[in-house]
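Since the model is a prediction, treat every value here as computed from it, not as a measurement.
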Amino acid sequence: MSTLLKVSDLSVSFGKGDKEVKAVQNVSLEMKRGETVALVGESGSGKSVTALSVMKLLPYPLAWHPRGSIEFDGQEVMQANESQMRAIRGNRISMIFQEPLTSLNPLHNVEKQISEVLHLHKNMSPVAAHDRVEELLDLVGMPEAKSRLHSFPHEFSGGQQQRIMIAMALANEPELLIADEPTTALDVTIQAQVLKLLKELTQKLDMGLLMITHDLGIVHRMADTVYVMNEGRVVEHNQTKELFAKPSHDYTQHLLSAAPKGRPEPLKEYAHEVLKAEDVRVWFPIKRGVIKHVVGHIKAVDGISMTLFEGQTIGIVGESGSGKSTLGRALLRLESSKGLIDFMGHQVQNYGWKAMRPLRREMQIVFQDPFGSMSPRMSVFQVIEEGLLVHKLGETYEDRRKLVADVLEEVELDPETMDRYPHEFSGGQRQRICIARALVLKPRLMVLDEPTSALDMSVQAQIVDLLRALQLSHKLSYIFISHDLKVVRALAHDIIVIRQGIVVEAGKSDEIFDAPKEAYTQALMKAAFEIEADDSGVVSS
């Protein structure tokens with residue numbers, strides 16, 4: 001196989017002089033056609049910066065290269081001008097970005113965004129592009145999207161948004177596909193399908209796949225070669241089987257041993273009821289015709305009931321688009337719904353926004369995408385202070401600084417960093433900031449919507465430990481929404497499995513994990529814990 005990509009002695013710095021940050025130092029790697037290479041390491045190790053350098057997508061001139069060479073198919077990329085790079089990007093090299101909602105254009109529908117690549121690089125006619133878009137959505141396991149081509153990114157679930165991004169990246173059958181955490185937002189069954197698809201495409205198209213991921217299970221199944229990065233340097237690289245069998249570097253050994261562990265503390269016998277929901281329904285109307293008359297409904301949540309006690313965690317699991325996040329928003333009255341919702345003795349279903357406002361302090365949410373849920377124009381102090389101002393907590397500026405400093409210490413962040421901005425933190429640190437923003441108001445209930453999906457394995461374990469500690473010290477009740485069943489098992493007392501808006505199975509966490517009764521739950525468990533690679537390396541379950 002011929003060499004497709006060769007990175008030699010690459011260094012990347014941001015800023016100059018006293019403010020220079022050396023993000024990547026002396027990194028070298030090589031990839032052949034048809035090969036899958038994995039870059040692994042903790043958040044902030046330089047993985048994404050290395051990958052973005054290949055496409056010259058860094059914020060130049062703030063970013064600059066003290067040294068190094070990047071050759072793609074024999075062509076030196078470092079000296080290529082913008083016109084030459086435009087001919088390569090999206091056509092010969094494509095990239096799947098980590099956070100789909102921030103990467104997709106909120107003003108353009110799905111068909112327009114995918115077909116734009118086809119028009120630009122292939123000069124396809126509208127009819128041919130339309131057919132290709134449908135073919136691509138089929139390819140990534142979204143046949144239902146054909147009826148929603150004119151929908152906008154925010155109208156899809158996180159997993160569906162990620163599949164749309166993958167469809168865009170594959171549109172022109174690139175020679176090199178860079179996948180930056182391509183499956184973080186996907187549930188376990190779709191994750192297996194997407195990984196199988198990517199593996200088949202590398203073989204079919206003789207395509208190189210540079211995969212950046214924190215999920216070492218994926219690396220083990222997918223990669224031919226692994227490069228381990230720490231603090232901007234490659235500390236170890238080897239063939240996958242050899243590296244997993246005999247890791248030589250201490251840092252690699254640390255990564256391989258890192259995983260969420262333990263179980264939540266048992267629930268107190270006489271815990272108070274915090275939330276009770278009965279027959280909660282969220283139906284979205286389907287409108288057709290000139291006058292937009294209702295012809296049917298999408299039943300996102302269809303008659304779900306649950307009871308949550310003080311200090312309890314209920315895990316909500318299911319495939320992408322099953323209604324998990326919609327249910328979480330409905331319980332907080334962030335989504336219109338029908339049915340009974342009782343929070344701390346308040347029948348909140350019929351409350352207006354003024355009546356709800358005093359209760360908002362008691363019920364908080366931590367969103368899936370920490371970067372997208374914070375204003376880039378606000379410092380960390382301002383992000384956390386906002387809730388204090390709304391609820392009139394902390395009489396003076398100095399009081400609020402003290403409250404913010406205390407909560408940052410509680411989530412294990414340095415209070416001295418409170419005047420920095422979100423982009424100056426790693427993914428794990430940003431998620432801690434989002435937890436701090438919710439925690440500073442001393443809530444009774446927190447809805448955690450995929451809070452660990454974008455985090456590397458060791459940081460996931462840290463966040464799980466942090467959430468358990470906070471639950472004990474503050475008697476918090478959690479509704480934990482996730483597709484990562486290993487994390488759910490480490491946190492949840494009880495599990496609710498939902499599919500297409502209805503409860504498939506519910507019960508104690510150990511009972512659901514150890515002896516699932518329903519075929520759908522059994523399939524989820526198998527996909528999460530038993531997916532293995534066959535001899536050819538193609539993922540099967």
> Can you tell me how far CG of L389 sits from CZ of R400, rounded to the nearest 0.5 angstrom?
Replying inline: 4.5 Å
> What residue among E412, R432, Q431 forms side chain to side chain donor-acceptor pair (under 3.5 Å) with Q462?
Replying inline: R432
> After noting the C-alpha distance and the side-chain angles of H423 and F371, does the key distance pass the side-chain contact (heavy atoms from CB on, under 4.5 Å) rule?
Replying inline: CA-CA 8 Å; H423 71 272; F371 193 55; 4.0 Å; yes
> Looking only at atom types and distance, does a side-chain atom of K486 sit under 3.5 Å from a main-chain N or O of P260, one as donor and one as acceptor?
Replying inline: no
> About how many Å separate CG of L466 and CD of E410, when rounded to the nearest 0.5 Å?
Replying inline: 8.5 Å
> What distance separates Q522 CD from I512 CD1, expressed to the nearest 0.5 Å?
Replying inline: 10.5 Å
> For atom CD of E231, is the number of surrounding heavy atoms from other residues, nucleotides or ligands below 6.0 Å larger than 12?
Replying inline: no
> Is there a donor-acceptor pair under 3.5 Å between the side chain of E20 and the backbone N or O of S13?
Replying inline: no
> side chain to side chain contact (heavy atoms under 4.5 Å, CB included) with P516: which of V497, V504, T521?
Replying inline: T521
> Should L441 and L388 be marked as a side-chain contact (heavy atoms from CB on, under 4.5 Å) after you check the CA-CA gap, both sets of side-chain angles, and the distance that decides it?
Replying inline: CA-CA 7 Å; L441 297 175; L388 298 173; 4.2 Å; yes
> So, the side chain of T307 versus the backbone of K276: is there a donor-acceptor pair under 3.5 Å, distance only?
Replying inline: no
> Closest heavy-atom contact between Y421 and S379?
Replying inline: CE2-N, 3.5 Å
> In terms of side-chain geometry, is the basic nitrogen of D399 or K402 positioned less than 4.0 Å from the acidic oxygen of its partner?
Replying inline: no
> Can any side-chain N or O of Q471 pair as donor or acceptor with the backbone N or O of G311 at less than 3.5 Å?
Replying inline: yes
> How are the rings of H254 and Y251 set relative to one another: parallel (under 30°), tilted (30 to 60°) or perpendicular (over 60°)?
Replying inline: tilted
>> Less than 4.5 Å apart, side chain to side chain, heavy atoms only: is that true for F97 and L52?
In response: yes
> Can you tell me how far the CG atom of D494 sits from the CG atom of L267, to the nearest 0.5 Å?
Replying inline: 8.0 Å
> Closest approach of M363 and P443, non-hydrogen atoms and distance?
Replying inline: N-CB, 4.4 Å
>> Just so I know, are the side chains of L275 and F343 near enough to count as touching, which here means a heavy-atom distance under 4.5 Å?
In response: yes
> Once the angle between the rings of F244 and H220 is folded into 0 to 90°, is it parallel (under 30°), tilted (30 to 60°) or perpendicular (over 60°)?
Replying inline: parallel
>> Using side-chain heavy atoms (C-beta onward) and a distance below 4.5 Å, is V49 in contact with L58?
In response: yes
> If every non-hydrogen atom of A179 is compared with every non-hydrogen atom of L209, which pair is closest and at what distance?
Replying inline: CB-CD1, 4.2 Å
> Between V411 and L439, what is the shortest heavy-atom contact and its length?
Replying inline: CG1-CD2, 4.4 Å
>> For G303 versus D279, what's the shortest heavy-atom pair and its separation?
In response: CA-OD1, 3.1 Å
> Cut-off 3.5 Å, side chains only: do R377 and Q382 have a donor facing an acceptor?
Replying inline: no
>> Classify the ring geometry of H346 against Y351: parallel below 30°, tilted from 30° to 60°, perpendicular beyond 60°.
In response: perpendicular
> Between Q349 and S337, do the side chains contain an N or O donor and an N or O acceptor separated by less than 3.5 Å?
Replying inline: yes
> Is a side-chain donor or acceptor of R333 paired with a backbone partner of V348 at a separation under 3.5 angstrom?
Replying inline: yes
> Does the side chain of S477 come within less than 4.5 Å of R444's, by heavy atoms?
Replying inline: no
>> Under a plain distance cut-off of 3.5 Å, with no hydrogens placed, do S248 and E236 share a side-chain donor-acceptor pair?
In response: yes
> Hey, is the main chain of E319 close enough, under 3.5 Å, to the side chain of K324 for a donor-acceptor pair?
Replying inline: yes
> How about K338: does its NZ atom have over 12 heavy atoms from other parts shown lying under 6.0 Å from it?
Replying inline: no
> Would a distance-only check, ignoring hydrogens and angles, find a side-chain to backbone donor-acceptor pair under 3.5 Å from T240 to A223?
Replying inline: yes
>> For D406, is there any backbone N or O sitting under 3.5 Å from a side-chain donor or acceptor partner on E409?
In response: no
> Which pair of non-hydrogen atoms, one from N26 and one from S11, has the smallest distance, and what is that distance?
Replying inline: N-OG, 3.0 Å
> So do the side chains of V366 and V447 get within less than 4.5 Å of each other, counting heavy atoms only?
Replying inline: no
> Is there a side-chain contact between E450 and H483 (heavy atoms, below 4.5 Å)?
Replying inline: yes
> Side chains of L255 and N230: does their closest heavy-atom pair fall under 4.5 Å?
Replying inline: no
>> With side-chain contact (heavy atoms from CB on, under 4.5 Å) as the criterion, how do L403 and V407 come out once you've worked through the C-alpha distance, each side chain's angles and the decisive distance to 0.1 Å?
In response: CA-CA 6 Å; L403 288 170; V407 79; over 6 Å; no
> Could E310 and K268 be called an ion pair, given the rule that one side-chain N must be under 4.0 Å from one carboxylate O?
Replying inline: no
> Taking side chain as C-beta onward, heavy atoms only, is D484 less than 4.5 Å from V317?
Replying inline: no
> Between K508 and D514, is there a side-chain N and carboxylate O pair less than 4.0 Å apart?
Replying inline: no
> Measuring from S509:OG to I495:CD1, what's the distance to the nearest 0.5 Å?
Replying inline: 4.0 Å
>> Please evaluate residues L445 and L332 with respect to the criterion side-chain contact (heavy atoms from CB on, under 4.5 Å), reporting the C-alpha separation (whole Å), side-chain torsions for both, the decisive distance (0.1 Å), and the verdict.
In response: CA-CA 9 Å; L445 166 67; L332 295 183; 3.9 Å; yes
> Can you name the one residue among V40, V235, V27 that meets side chain to side chain contact (heavy atoms under 4.5 Å, CB included) with M229?
Replying inline: V27
>> Using only atom types and a distance under 3.5 Å, with no angle test, would you say the side chain of Q161 pairs donor to acceptor with the backbone of F156?
In response: yes
>> I'd like to know if the side chain of R263 reaches the main chain of H493, judged simply by a donor and an acceptor atom lying under 3.5 Å from each other, with no hydrogens or angles considered.
In response: no
> Rounded to the nearest 0.5 Å, how far does CG of L408 lie from OG1 of T417?
Replying inline: 6.0 Å
